[in-house]
S.K.: 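Quick one: this structure, given as structure tokens, is what I'll be asking you about.
Every chain is numbered from 1, with letters handed out A, B, ... down the list of sequences.
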2 protein chains.
Amino acid sequence: MIAGPSVITPAERRRMRVRGSIIAAAERVFSREGEAGLSIRRLAEEIDYSPSAIYKYFGSKEELIDELKEAFFERLLSRVDRTQLETMPFEARSLACLSTYIDVATERPHHYAAAFSSVPGDQSANAKPIMTWADFCATRKGQAFDILLKMVAEGQASGHFDPDLDRVSAARSVWASLHGLAQLLIHLPSLADLLPSPRTNARSDFVNFHAQMILRSLRPFPVIETDRSSKSHVE
Amino acid sequence: MIAGPSVITPAERRRMRVRGSIIAAAERVFSREGEAGLSIRRLAEEIDYSPSAIYKYFGSKEELIDELKEAFFERLLSRVDRTQLETMPFEARSLACLSTYIDVATERPHHYAAAFSSVPGDQSANAKPIMTWADFCATRKGQAFDILLKMVAEGQASGHFDPDLDRVSAARSVWASLHGLAQLLIHLPSLADLLPSPRTNARSDFVNFHAQMILRSLRPFPVIETDRSSKSHVE
DNA sequence: TAGTTCTGAGAACACTGTTCAATTTTTGAA
DNA sequence: TTCAAAAATTGAACAGTGTTCTCAGAACTA
């Protein structure tokens, strides 16, 4: 469609600049007020363009926001990945990764919340095609999940985690627990400070506590069997 | 403001009936399509009233939806409470409670999602007053939390859980993990079925697995110290 | 029955996302 | 440089949204 990939025309340069200014303004507004505060008209006003102009750069508002979410997830991924590469003992490194995930999520609460806001299954037209395992792995979320998967694998190999646990199930469980903490801190920020007797640093203390609980659940002492048994209503 | 509490006039009866039909219609629409599909005009059409009439019964759309959420949380609470009262061994009963929570949440995904959808801290006018511990305990969420608190206490007393864990922190951690699973199942329903090699009953199996992981994190073998130590970046 | 209160309807306001024809502005070649 | 084709930008308009207002009519109270 577009000419050569090596030489970019001034026109293309200009186009990319305008496009960039749109997402920059969108990012600015969205960070502060979320999707509720972000209207096309307001955006147009901020960058001194007409509302309809924006539709030459983005097909819809949703498409624009999807790009914000994508950028956020890339940020989340790289931050956790960077933490993962630090040279520390396994357990400390795992804790650091979990903390980093929470940090990035709560630094941009609107982004994180929006990334998990759609409820599929509405019998409207947005019936997305069924996701396969391969599809998921290609997603940013899939890549984030992959980090957890490797963490579990490493922990099992080094004897820190129960080797009888199913890797995939364990990683999903960790993700769920982590995701829950992020969500709760975002939507119910008072929770961390909510104590019969308040304390300083309550928030980061609780993040640490929860992260340790997650690791605890993975430790050896195989009291429960792996989920290979289907109808295990315990006992 | 209104006359006697013992005798209800026919007018009041009629008013309550109309009000009931509004929330019934709202419930019907909201269950299927969530807040996105629920508009005042559509609601008015469904009950054959004019849009402005609804404002004689509810101050705003948000107020109406708040009532739906409240009813849902009451349902959630009573279902978990009922499970809690069943006569089973402690561990099985705890697992059942956790499963029930997930069941109710995923049965009405829009309700559960909406209950945790607002992001406070927007520097707009909706600055809600700071919540205290006592305030929170009076909330439905606070009551749900109380169930978890008692569960933890009972587990510690009976030796199933680590007695050195701070009760409140542990209960919060359990809630976060549970909440995370609910959110993930709602917003990423494919996750449960996402496996390199698919299996039947994947969903309930995973719920069970995660619930067992939660209990596992609470077990004795006190490897970590309670969060009483403030700057514990491990090691 | 007269008067007051309450219920409901309809129009209107200020928004929203989105589209479309018309109008610039920029571009590439004769 | 000139001129047509292409791209960029706009303002008006459409179909929605939540909400408020005024006003007519029904239902209670005295």
S.K.: Return the value, rounded to whole Å, for the distance between atom CD1 of A:I22 and atom P of D:dA8.
M.R.: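 Result: 12 Å.
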
S.K.: Sort and list the pairs that fulfil salt bridge (Lys or Arg N to Asp or Glu O under 4.0 Å) and have at least one residue in residues 141-151 of chain B, not counting sequence neighbours.
M.R.: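 Residue pairs passing salt bridge (Lys or Arg N to Asp or Glu O under 4.0 Å), neighbours aside: B:D146-B:K150.
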
S.K.: When you measure from every atom of DNA chain C, which of residues 39-58 of chain A have a heavy atom less than 4.0 Å away?
M.R.: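 A:S39, A:I40, A:R41, A:S52, A:Y55 - these, ordered by number, are the residues of the stretch whose heavy atoms sit under 4.0 Å from the strand.
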
S.K.: If I take atom CD in residue B:E62 and atom C1' in nucleotide D:dT17, what distance separates them, rounded to the nearest angstrom?
M.R.: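 Checked: the CD to C1' distance equals 15 Å.
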
S.K.: Looking only at atom types and distance, does a side-chain atom of A:H210 sit under 3.5 Å from a main-chain N or O of A:S177, one as donor and one as acceptor?
M.R.: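 Pair found, side chain donor or acceptor close to backbone of A:S177.
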
S.K.: Parallel under 30°, tilted from 30 to 60°, perpendicular over 60°: which one fits the rings of A:Y112 and A:Y101?
M.R.: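 The arrangement is perpendicular - the two ring planes meet at more than 60°.
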
S.K.: How long is the line joining CG of A:L38 and C1' of C:dC15, in whole Å?
M.R.: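 Whole-Å distance recorded here is 15 Å.
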
S.K.: Taking CZ from A:R15 and C1' from D:dT9, how many angstroms apart are they, rounded to a whole number?
M.R.: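 That distance rounds to 12 Å.
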
S.K.: May I ask you to decide if the ring planes of A:F209 and A:F206 are parallel, tilted or perpendicular, using 30° and 60° as cut-offs?
M.R.: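 Rings of A:F209 and A:F206: parallel, as their planes differ by under 30°.
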
S.K.: Contact class for B:L64 (heavy atom, under 4.0 Å): base, sugar-phosphate, or nothing?
M.R.: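 Result for B:L64 = nothing.
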
S.K.: For B:Q143 and B:T139, which I'm curious about, is there any donor-acceptor pair between the side chains at under 3.5 Å?
M.R.: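 Looking only at side-chain atoms, B:T139 and B:Q143 do not form any donor-acceptor pair under 3.5 Å.
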
S.K.: Kindly state whether the ring of B:F116 and the ring of A:H187 have centres lying under 6.0 angstrom apart.
M.R.: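 Between B:F116 and A:H187, the centre distance exceeds or equals 6.0 Å.
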
S.K.: What integer distance in Å separates A:K61:NZ from C:dC15:P?
M.R.: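 Between P of C:dC15 and NZ of A:K61: 15 Å.
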
S.K.: With no hydrogens and no angle check, do the side chains of B:T83 and B:T100 hold a donor and an acceptor under 3.5 Å apart?
M.R.: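 There is such a pair between these side chains.
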
S.K.: Between the protein and nucleotides 24-27 of chain C, are there any N/O to N/O pairs under 3.5 Å, and if so, what are the atom names and distances?
M.R.:
none

S.K.: Using 30° and 60° as the class boundaries, would you call the ring planes of B:F30 and B:H110 parallel, tilted or perpendicular?
M.R.: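 Perpendicular, since the angle between the ring planes exceeds 60°.
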
